[in-house]
K.L.:
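Can you keep this structure in mind? I'll have questions shortly.
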Amino acid sequence: MDKKSTITAAMTKDVPCPFCGILCDDLVIENKNDKLKVIENGCPKAIALFQEELPETSAKIKGKDVPLDDAIDSACNILKNSHTPLIAGLGTDVSGMRSVMELADKTGAILDHMHGDALIRNTLVLQDLGWMMTTMAEIKNRADLIIMAGTDATNFPRFYERVIWNEQSMFKLKNDDREIVYIGNKLNTKSGVNPNGKRPTVLNCETEQIGEIISSLHALVSGAVLDVKEVAGVKIKTLQILAEKMKAAKYGVIVWAPGELDIPHAELTIQNFCETVKYLTRFTRFAGFSLGGNDGAMSAMGVCAWQSGYPLRVNFDKGYPDYDAHRYSTHNVLKKKEVDSLLWISSFNSDIHTPHASIPTIVLGKEDTKLNFKPEVFIPVSTPGIDHTGQIIRTDSVVSLPLKKVRQSPYSSVHSIIRQVIERM
Ligand code: SF4
């Protein structure tokens, strides 16, 4: 391992942060002998992840340190002897995912992302009835009514600063011109108070009842009379006022985070958001916005879709891509023993729980990955956007951001390791 750094001190501006789906691209990072410091624009999550000092480690076979070459050979053998591997986690950038697609094609693997359950909630809606979505820039520049449905955006720490309370709106939309509404349970609504003190509207209900509230709003905007006093604990008068605001908005947005809608048949709630949006576009401009895409989820989904024609949870075992949103989930194929080896990839986040199954397992993970078992092969990999350049797709899927390298790393990228595996096969 090369312990020497070629960099002694450097400041890099406009650094994109790969640690959540909104990909802020304005960080200023100082590098002193490969110790990073976030100088400007880092949220606590970015500061922790850019500045963490990682232990040195080496590739391992069954927990024992080995040269990288041996670990790659061993990974290669496992995949060669496997009838149907599962390649999951998929926490990588666009080039990492492109190489995963090639490997899946060669090995007849099943693909799923670590946030597959969240991704699929949206995919089912998109497939079934379609949707009308917007972008971060459109919200920043135009949205005067923002309905946060089941999320307070806590997992996306600079969402309000970058998108909502942003004075640089292209059409001079003032903070006071925006109305924020929260629907859901135990949401932290502090960030929805505008810088001048204007408070958001809060409709408290259980997460499971958000669909009821939204479908009632859909009925009200379409002119129906609801002969009830309240819906899911919210007074009908409150819903009528909100329905009028939705019709009067110049540009309304319903924001949800599919990962936080962890309820049975969450896709039906999301479908309600999307159908309400579609109806409202008869009167005004309205759109949906999905907050997600952490751990390279949008990159994995995008690359899979443009290369195979299908979203994730696709199986290459038959020699062609076979998509099934439920059958090919990580949980399901491991439980039903439909796969006989696992390649798990997580290059952004070492806290993600790697599934422990009784099949040969290869882990491509950050050097501080904590495992409660000894996989057949562990290979430390570098992090896109810190240790190497790359591209990653933002939560709204319209922007693919170029990532920067801000320090030297002794580890190879996911793309490089998988390319070596493919070449040796
Ligand atoms: S909000 Fe997300 S993208 Fe922005 S700095 Fe924080 S972790 Fe990074």
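Quick caveat: nothing in here was measured; it's all calculated off a predicted structure. Counting starts at 1 for both ligands and their atoms, following the listed order.
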K.L.:
Decide if the gap between the ring center of Phe19 and the ring center of Phe50 is smaller than 6.0 angstrom.
P.N.:
yes

K.L.:
What atoms of ligand 1 come within less than 4.0 Å of a heavy atom belonging to Leu23?
P.N.:
3 (S)

K.L.:
Among all protein heavy atoms, pick out the one at the shortest distance from atom 8 (Fe) of ligand 1; state its residue, atom name and that distance to 0.1 Å.
P.N.:
Cys17 SG, 2.3 Å

K.L.:
Here's a test for you: under side-chain hydrogen bond (donor to acceptor under 3.5 Å, both in side chains), which of Asp368, Thr369, Thr383 qualifies with Ser350?
P.N.:
Asp368

K.L.:
Determine whether a donor-acceptor pair (N or O, by modelled atom type, separation under 3.5 Å) exists between the side chain of Arg424 and the backbone of Cys76.
P.N.:
no

K.L.:
For residues Tyr160 and Trp165, establish whether the separation of their ring centroids is below 6.0 Å.
P.N.:
no

K.L.:
Quick one: does Ser99's side chain have a donor or acceptor within less than 3.5 Å of a partner on Ile418's backbone?
P.N.:
no

K.L.:
Mind checking whether atom 6 (Fe) of ligand 1 has an N, O or S of Cys20 under 2.8 Å?
P.N.:
no

K.L.:
Determine, for Glu30 against Lys35, whether the closest basic-nitrogen to carboxylate-oxygen distance falls under 4.0 angstrom.
P.N.:
no

K.L.:
Does even one non-hydrogen atom of Pro157 get within less than 4.0 Å of ligand 1?
P.N.:
yes

K.L.:
Look at atom 1 (S) of ligand 1 and say which protein heavy atom is nearest, naming residue and atom and giving the distance to 0.1 Å.
P.N.:
Arg158 N, 3.3 Å

K.L.:
One residue to check: Leu49. Relative to ligand 1, which of side chain, backbone, both or neither has a non-hydrogen atom less than 4.0 Å away?
P.N.:
neither

K.L.:
Provide, to 0.1 Å, the distance between atom 4 (Fe) of ligand 1 and the closest protein heavy atom, together with that atom's residue and name.
P.N.:
Cys24 SG, 2.3 Å

K.L.:
What protein heavy atom sits nearest atom 6 (Fe) of ligand 1, and how far off is it?
P.N.:
Cys43 SG, 2.2 Å

